[in-house]
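Since the structure comes first, as structure tokens, the remarks are kept for the end.
Remember, it's a predicted structure, so these values are computed and weren't measured experimentally.
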Amino acid sequence: MGYLERLRRAAEFLARRGVDTSTVRLACYSGAGFTDDLRAAGRRGDALLVDLARLHEG
């Protein structure tokens, strides 16, 4: 979840600087899998999770 929080803070920072972040999608990539918390965030639509299968198969 630390990576996702850093991505959220980066998007918030850009928004404060006047960058339109209304269509930003936070994405996490992993070759080893994701924690339960990240999988839950993915199900909620808070993050796009890309594992090896999704990367290779779409």
field: Point-to-point distance, once rounded to the nearest 0.5 Å, from CZ of Arg9 to CG of Leu14
entry: 13.0 Å

What side-chain donor-acceptor pairs closer than 3.5 Å can you find for residues 49-58, not counting sequence neighbours?
residue: Asp51; atom: OD1; partner: Ala53; partner atom: N; Å: 3.3
residue: Asp51; atom: OD1; partner: Arg54; partner atom: N; Å: 2.8
residue: Arg54; atom: NH1; partner: Leu49; partner atom: O; Å: 3.4

message: Minimum heavy-atom separation for Ala15 and Thr21, please, with both atom names.
response: CB-OG1, 3.6 Å

- line: Shortest non-hydrogen pair, Ala27 vs Leu7, comes out as O-CD1, 3.5 Å

Pairs involving residues 11-23, ordered by first then second residue, that meet salt bridge (Lys or Arg N to Asp or Glu O under 4.0 Å) (sequence neighbours left out): none

With a 3.5 Å cut-off and sequence neighbours excluded, list the donor-acceptor pairs that the side chains of residues 38-48 form with protein atoms.
residue: Arg39; atom: NH1; partner: Phe34; partner atom: O; Å: 2.2
residue: Arg39; atom: NH2; partner: Asp36; partner atom: OD1; Å: 2.2
residue: Arg44; atom: NE; partner: Asp46; partner atom: OD2; Å: 2.8
residue: Arg44; atom: NH2; partner: Asp46; partner atom: OD2; Å: 3.1

